[in-house]
Amino acid sequence: FKVEDGRALGVDLLWKADIPKQRIERLNEVIEKSITLRELCLKHSWMKAMLGAALQGGLSRNKALRTKLICVSEKEATQIGKNLVTSLMTENLAAAGVNEWKVQNRAVNELMEEQVWFEPMVVVLAKGIVKT
């Protein structure tokens with residue numbers, strides 16, 4: 001998967017999903033049809049929880065997590081997802097907010113190093129989250 005594929009996946013995740021409930025339904029659909037995203041969710045059982053928490057877009061207290069990628073729990077994944085929304089509120093640009101999120105959460109940084117398409121996907125998602 002390449003950078004462009006990540007962007008396209010981000011657009012696909014937001015397609016016809018303007019409210020949090022629709023975003024979660026769309027996340028489930030895209031995981032089902034995207035081999036790459038489905039494999040990532042199988043590799044990291046908490047991935048769906050993290051993406052779902054981010055896509056819901058609710059504000060919460062930002063709590064940086066230093067947990068390694070291989071050690072993330074579902075509870076931590078949910079917090080990491082919520083941290084994205086908080087990071088987006090403190091930065092003017094979606095890409096800067098995603099970068100702040102990556103710096104604050106070790107597992108996200110490791111994931112983005114491992115999967116080059118993941119960061120561009122999240123930047124697209126971040127733009128969609130900020131719009132609503």
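Nothing fancy with the numbering, it's 1 onward along the sequence.
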For residues 11-47, which residue pairs qualify under ring-ring contact (aromatic ring centres under 6.0 Å, His included), counting only residues two or more places apart or in two chains?
His44-Trp46

Tell me whether Leu111 is reachable from Ile31 by hopping between hydrophobic residues (I, L, V, M, F, W, Y) whose side-chain heavy atoms are closer than 4.5 Å.
yes

Given salt bridge (charged side-chain N to carboxylate O under 4.0 Å, His left out), test Arg23 with Asp18 step by step and report yes or no.
CA-CA 7 Å; Arg23 289 180 184 160; Asp18 297 326; over 6 Å; no

Looking only at heavy atoms, what is the nearest atom pair of Ala54 and Val85, with distance?
O-CG2, 3.6 Å

When clusters are formed by joining ILVMFWY residues with side-chain heavy atoms under 4.5 Å apart, either directly or through shared neighbours, do Val11 and Leu125 land in the same one?
yes

Leu93 and Val124: same hydrophobic cluster, using ILVMFWY side-chain contacts below 4.5 Å?
no

Lys82-Asn62 side chain donor-acceptor pair, cut-off 3.5 Å
no

With no hydrogens and no angle check, is any side-chain donor or acceptor of Ser45 less than 3.5 Å from a backbone partner on Cys41?
no

Donor-acceptor pair, distance only, cut-off 3.5 Å: does the side chain of Asn105 make one with the backbone of Ile80?
no

Modelled atom types, side-chain donor and acceptor of Glu39 and Thr36, under 3.5 Å:
no

Would you mind reporting whether Leu37 and Trp117 have side-chain heavy atoms less than 4.5 Å apart?
yes

Any chance you could lay out the side chain to side chain contact (heavy atoms under 4.5 Å, CB included) test for Lys43 and Glu114, step after step, and finish with the verdict?
CA-CA 12 Å; Lys43 182 176 181 179; Glu114 182 182 292; 2.9 Å; yes

Could you give the distance from CG (Leu40) to NZ (Lys48), rounded to the nearest 0.5 Å?
13.5 Å

Quick one, Met121 and Leu51 - any side-chain contact, counting heavy atoms below 4.5 Å?
yes

Specify whether Trp101 and Phe118 have parallel, tilted or perpendicular ring planes, treating 30° as the upper limit for parallel and 60° as the lower limit for perpendicular.
parallel

What is the minimum heavy-atom distance between Val123 and Ala94, and which atoms define it?
O-CB, 4.1 Å

Can you tell me how far apart CE (Met50) and CG (Asn83) are? Round to the nearest 0.5 Å.
10.5 Å

Is the closest side-chain heavy-atom distance between Leu9 and Ser34 below 4.5 Å?
yes

Verify same cluster id: Leu13, Val3 (apolar side-chain graph, 4.5 Å):
no

Measuring only between side-chain heavy atoms, which start at C-beta, is Asp12 closer than 4.5 Å to Arg26?
yes

Going only through I, L, V, M, F, W and Y residues with side-chain contacts under 4.5 Å, is there a path from Ile24 to Leu84?
no

Smallest separation among heavy atoms of Gly57 and Ile129, with atom names
CA-CG2, 4.2 Å

Answer with yes or no whether the side chains of Asn28 and Glu32 bring together a donor and an acceptor at under 3.5 Å.
no

Is there a donor-acceptor pair closer than 3.5 Å between any side-chain N or O of Glu76 and the backbone N or O of Ser73?
yes

Within a reach of under 6.0 Å around CG of Leu42, are more than 12 heavy atoms found that belong to other residues, nucleotides or ligands?
yes

How about Ser87 and Gln104: do any of their side-chain heavy atoms sit closer than 4.5 Å?
yes

Could you tell me the separation between the CG atom of Leu69 and the CE atom of Met112, rounded to the nearest 0.5 Å?
11.5 Å

Roughly how far, to the nearest 0.5 Å, is CD of Gln56 from CD1 of Ile19?
11.5 Å

Contact between Lys2 and Val116 at the side-chain level, heavy atoms closer than 4.5 Å - yes or no?
no

Distance col, row Asn109:CG vs Arg66:CZ, nearest 0.5 angstrom, shows 7.5 Å

Would you call Glu29 and Lys16 a salt bridge, taking side-chain N to carboxylate O under 4.0 Å as the test?
no

Can you name the residues that form a salt bridge (charged side-chain N to carboxylate O under 4.0 Å, His left out) with Glu110, not counting sequence neighbours?
Arg106

Under the side-chain contact (heavy atoms from CB on, under 4.5 Å) test, residues paired with Asn99 that sit two or more places apart
Lys102, Val103

